Amino acid sequence: MSSYDYDLFVIGGGSGGVRGARVAASLGKKVAIAEEYRYGGTCVIRGCVPKKLFVYASQYHEHFEDAAGFGWTVGESSFDWKKLIAAKDVEIARLEGLYKKGLSNANAEILETRAELIDRHTVRLVKTGQMVTAKTIVIATGGRPNEHRALPGYELCISSNEAFHLDELPKSIVIAGGGYIAVEFANVFHGLGVETTLIYRGAEILSRFDHDLRRGLHEAMVAKGIRILCHDVIEKVSKGADGLVVETKNNGTLNAGVVMLALGRDPNTEGLGLEAAGVKTDARGAVVVDEYSRTSVDNIYALGDVTDRVQLTPVAIHEAMCFIETEYKNNPTKPDHETIATAVFSQPEIGTVGLTEEAAAKAYKEIEVYRAQFRPLKATLSGRGEKMLMKLIVDAASRKVIGAHILGHDAGEMAQILGITLKAGCTKDDFDRTMAVHPTAAEELVTMYAPSYRIVDGQKV
Ligand code: FAD
């Protein structure tokens, strides 16, 4: 009989925490999980899921326009922001319910409270002040938008959190940031008819992605009417006669109904009692973990965004499953953070897996780059001036495909499948002997027979 109240206590009911709690409980462990806001966490409540619903909503005006090329006459259309928010909220509440149901079906105890560590085995439930003990503790508290408090007028700005609940759709928005959240929201707001400006300090949006995708997306967004100001930052935001006044370093003053800051996310570790428990954090406040997600205190694990490894939902879930193997199945398992396929739900979409051309050129003596840019079939009749871009990066010595990058419709869906091929170590020859699916855009991935160029010792030849 354990001397603790619980075998496992999980702090944070998001992607990683819920998975860890549910699976541990289904193994017969006595589990409690505490969530201070809403079950489902960032992904379900104010991240991936509502974001994707917004992306769908923002694409309809193009669908209506494209329909004409296929013989359809679409009547006058209009968009109702409040209806979208209400419908989205219903779906999010349904998903939140499913998360809780999964936990209770597995017999995990669901606590609706903030929880803080008192020591390595004791947690305080903030709502009631009750102290509970657990043999093992998992910190899965995620992250939150960086408020950028150094910016004069930061308190007048919103983050992605508020973007999901704006009372009114603004006439104009300025979004600061060049990461995927900034880029996705710029496309969403533009698609819903909002005059949109994206302002980013770097030379090109989406650093860490392949340069062709970054440039291609930038050009496509500008062609749609999104204003992108690179090499610039917001220096001050203040209230004006008609909305907000945004002072920039290099582009003068802009007016905006809403200013959204998407300037990175901070780990949720403030006031969590980590010091009292002896759990170490890094300079950014992220919990430091070993390869098994174990913190500096051996009965306390941390997983997901709070560890600032790879901030993606499937990664948090994978880390939770590895924790289960390690702690409860006598099978120490390290999370695998290599070759993670991912998408940016921009318009056009990005799907990517493996090394960028730049990274591959540094890591390998010789690489082959296969590159195709073409007009997708649908665009011929719709008349939309869009291009699809596909790129494979191949290690010339082993023939392995080490990077695959797509810009265009359904790129995220394709990246998922490509992820399997790269994980399996498929070679370019495997791609070449795979029959095409015709007519699709994806068939280009198996019909690029000759390299567009090679890079040898970092030099393009
Ligand atoms: P979270 O899901 O953030 O869960 C942590 C939970 O802990 C939260 O619910 C929080 O309220 C709770 N909590 C914090 N402190 C305490 C405490 N002391 N006591 C109790 N509860 C506490 N990822 C993708 O893979 N694909 C996407 O398309 C995607 N889009 C995104 C879009 C946006 C706008 C954002 C912000 C994120 C997006 N992400 C996406 C990232 C994804 O949401 C996160 O990587 C994922 O949610 C991390 O899961 P987690 O369990 O680590 O943390």
Side-chain angles (χ1 to χ4, degrees), residues 9-22 32-55 92 95-96 99-100 110-118 123-127 137-146 158-164 175 177 179-186 188 260-274 285-287 289 293 301-320 323 335 340-346 349-351 412 415-416:
F9 194 99
V10 178
I11 308 179
S15 309
V18 166
R19 176 60 66 95
R22 180 169 62 73
I33 177 167
E35 166 57 50
E36 68 177 351
Y37 180 53
R38 290 180 66 182
Y39 275 90
T42 304
C43 176
V44 173
I45 308 297
R46 43 196 181 184
C48 334
V49 177
K51 180 263 313 270
K52 189 89 187 273
L53 294 174
F54 277 17
V55 170
I92 298 311
L95 292 175
E96 184 185 8
Y99 267 70
K100 285 198 199 168
I110 300 174
L111 303 168
E112 314 249 1
T113 175
R114 179 175 170 80
E116 292 170 0
L117 291 165
I118 297 298
V123 175
R124 187 170 78 95
L125 309 181
V126 172
K127 211 182 237 175
I137 292 171
V138 164
I139 301 166
T141 49
R144 61 182 186 285
N146 181 330
I158 65 161
S159 71
S160 58
N161 284 352
E162 291 75 39
F164 291 115
I175 301 177
Y180 79 93
I181 294 176
V183 167
E184 289 175 339
F185 272 99
V188 163
M260 173 174 160
L261 304 181
L263 299 164
R265 294 178 60 81
D266 296 330
N268 272 330
T269 48
E270 250 176 52
L272 197 56
L274 297 179
V287 177
V289 288
S293 303
Y301 290 79
L303 46 90
D305 284 8
V306 75
T307 62
D308 198 17
R309 287 176 282 182
V310 182
Q311 298 191 6
L312 290 171
T313 286
V315 176
I317 291 171
H318 170 69
E319 287 166 2
F323 154 74
I340 297 171
T342 187
V344 178
F345 296 100
S346 45
E349 202 166 290
I350 280 179
Q416 181 64 85

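Atoms within each ligand, like the ligands themselves, are counted from 1 in listed order. Starting from 1, each residue takes its place in the sequence as its number. Small disclaimer: the values here were computed from a predicted structure and weren't measured.
The shortest contact between atom 28 (O) of ligand 1 and any protein heavy atom is with Lys51 NZ, 2.8 Å. At the top of the distance list for atom 4 (O) of ligand 1, counting protein heavy atoms only, stands Gly14 CA, 3.3 Å. Scanning the protein for heavy atoms near atom 40 (C) of ligand 1, the closest one is Cys48 SG, 3.2 Å. When only non-hydrogen protein atoms are considered, atom 36 (C) of ligand 1 lies nearest to Arg265 NH1, 3.2 Å. Gly47 CA, 3.5 Å is the protein heavy atom nearest to atom 33 (C) of ligand 1. Scanning the protein for heavy atoms near atom 14 (C) of ligand 1, the closest one is Thr141 O, 3.3 Å. The protein atom (non-hydrogen) at minimum distance from atom 46 (C) of ligand 1 is Thr313 OG1, 3.5 Å. Closest protein heavy atom to atom 22 (C) of ligand 1: Glu36 CG, 3.6 Å.
With 3.5 Å as the limit, one finds no donor-acceptor pair spanning the side chains of Thr42 and Arg144. Defined by atom type and a distance below 3.5 Å, a donor-acceptor pair is missing between the side-chain atoms of Glu349 and Ser346.
Remark: ligand 1 atoms within the under-4.0 Å shell around heavy atoms of Leu312 are 23 (N), 24 (C), 25 (O), 45 (O). Every atom of ligand 1 is numbered from 1 in the order shown, and the set under 4.0 Å from a heavy atom of Leu272 is 18 (N). Of all the atoms in ligand 1, the ones that sit under 4.0 Å from a non-hydrogen atom of Arg114 are 17 (C), 18 (N), 19 (N), 20 (C). Near Asp305, with a cut-off below 4.0 Å to any heavy atom, the atoms of ligand 1 are 44 (C), 45 (O), 46 (C), 48 (C), 52 (O). Residue contact check: Thr113 has heavy atoms under 4.0 Å from atoms 20 (C) of ligand 1. Counting the atoms of ligand 1 from 1 in the order shown, those under 4.0 Å from a heavy atom of Ala140 are 5 (C), 6 (C), 7 (O). Counting atoms of ligand 1 from 1 in the listed order, those under 4.0 Å from a heavy atom of Ala34 are 20 (C), 21 (N). Using a 4.0 Å cut-off to heavy atoms of Gly304, the atoms of ligand 1 that qualify are 52 (O).
The aromatic ring centres of Tyr99 and Tyr39 sit 6.0 Å or more apart.
Considering backbone and side-chain N/O atoms, Gly16 comes within less than 3.5 Å of an N/O atom of ligand 1. By the 3.5 Å distance cut-off applied to N or O atoms, Arg46 is not counted among the residues near ligand 1. At under 3.5 Å, not a single nitrogen or oxygen of Asn268, backbone or side chain, sits near a nitrogen or oxygen of ligand 1.
Heavy-atom minimum distance, Ile45 versus Gly40: CG1-C, 4.3 Å. Shown here for Thr313 and Cys48, the closest heavy-atom pair between the two residues is OG1-SG, 3.4 Å. The shortest non-hydrogen separation linking Asp305 to Leu312 is OD1-N, 3.9 Å. Shown here for Glu116 and Arg114, the closest heavy-atom pair between the two residues is OE2-NE, 2.7 Å. Among all heavy-atom pairs drawn from Val123 and Phe9, the shortest one is CG1-CE2, 3.8 Å. Residues Val10 and Ala21 share a closest heavy-atom pair of CG2-CB, 3.9 Å.
When Glu35, Glu184, Lys52, Arg144 are checked for heavy-atom proximity to atom 12 (C) of ligand 1, Glu35 turns out nearest. Comparing Ala163, Gly143, Pro50, Gly12 against atom 7 (O) of ligand 1, the shortest heavy-atom distance belongs to Gly12.
Salt bridge Lys52/Glu184: absent, no basic N to carboxylate O contact under 4.0 Å.
By the criterion of a heavy-atom distance under 4.0 Å, both the backbone and the side chain of Ser15 are placed next to ligand 1. Under 4.0 angstrom from ligand 1, the non-hydrogen atoms of Ile181 all belong to its side chain.
Using modelled atom types, one side-chain atom of Thr113 and one backbone atom of Lys127 make a donor-acceptor pair closer than 3.5 Å. Judged by distance alone, the side chain of Arg19 and the main-chain N or O of Ile317 form no donor-acceptor pair under 3.5 Å. Of the possible donor and acceptor atoms, one in the side chain of Thr141 sits under 3.5 Å from a partner among the backbone N and O of Asn268.
Taking CZ from Arg38 and NZ from Lys100, the interatomic distance works out to 8.5 Å, rounded to the nearest 0.5 Å.
The closest approach between Tyr180 and ligand 1 falls below 4.0 Å for a heavy atom of the residue. Remark: distances from the non-hydrogen atoms of Gln311 to ligand 1 include one below 4.0 Å.
Under the 30°/60° scheme for interplanar angles, the aromatic rings of Phe164 and Phe54 are found to be tilted.
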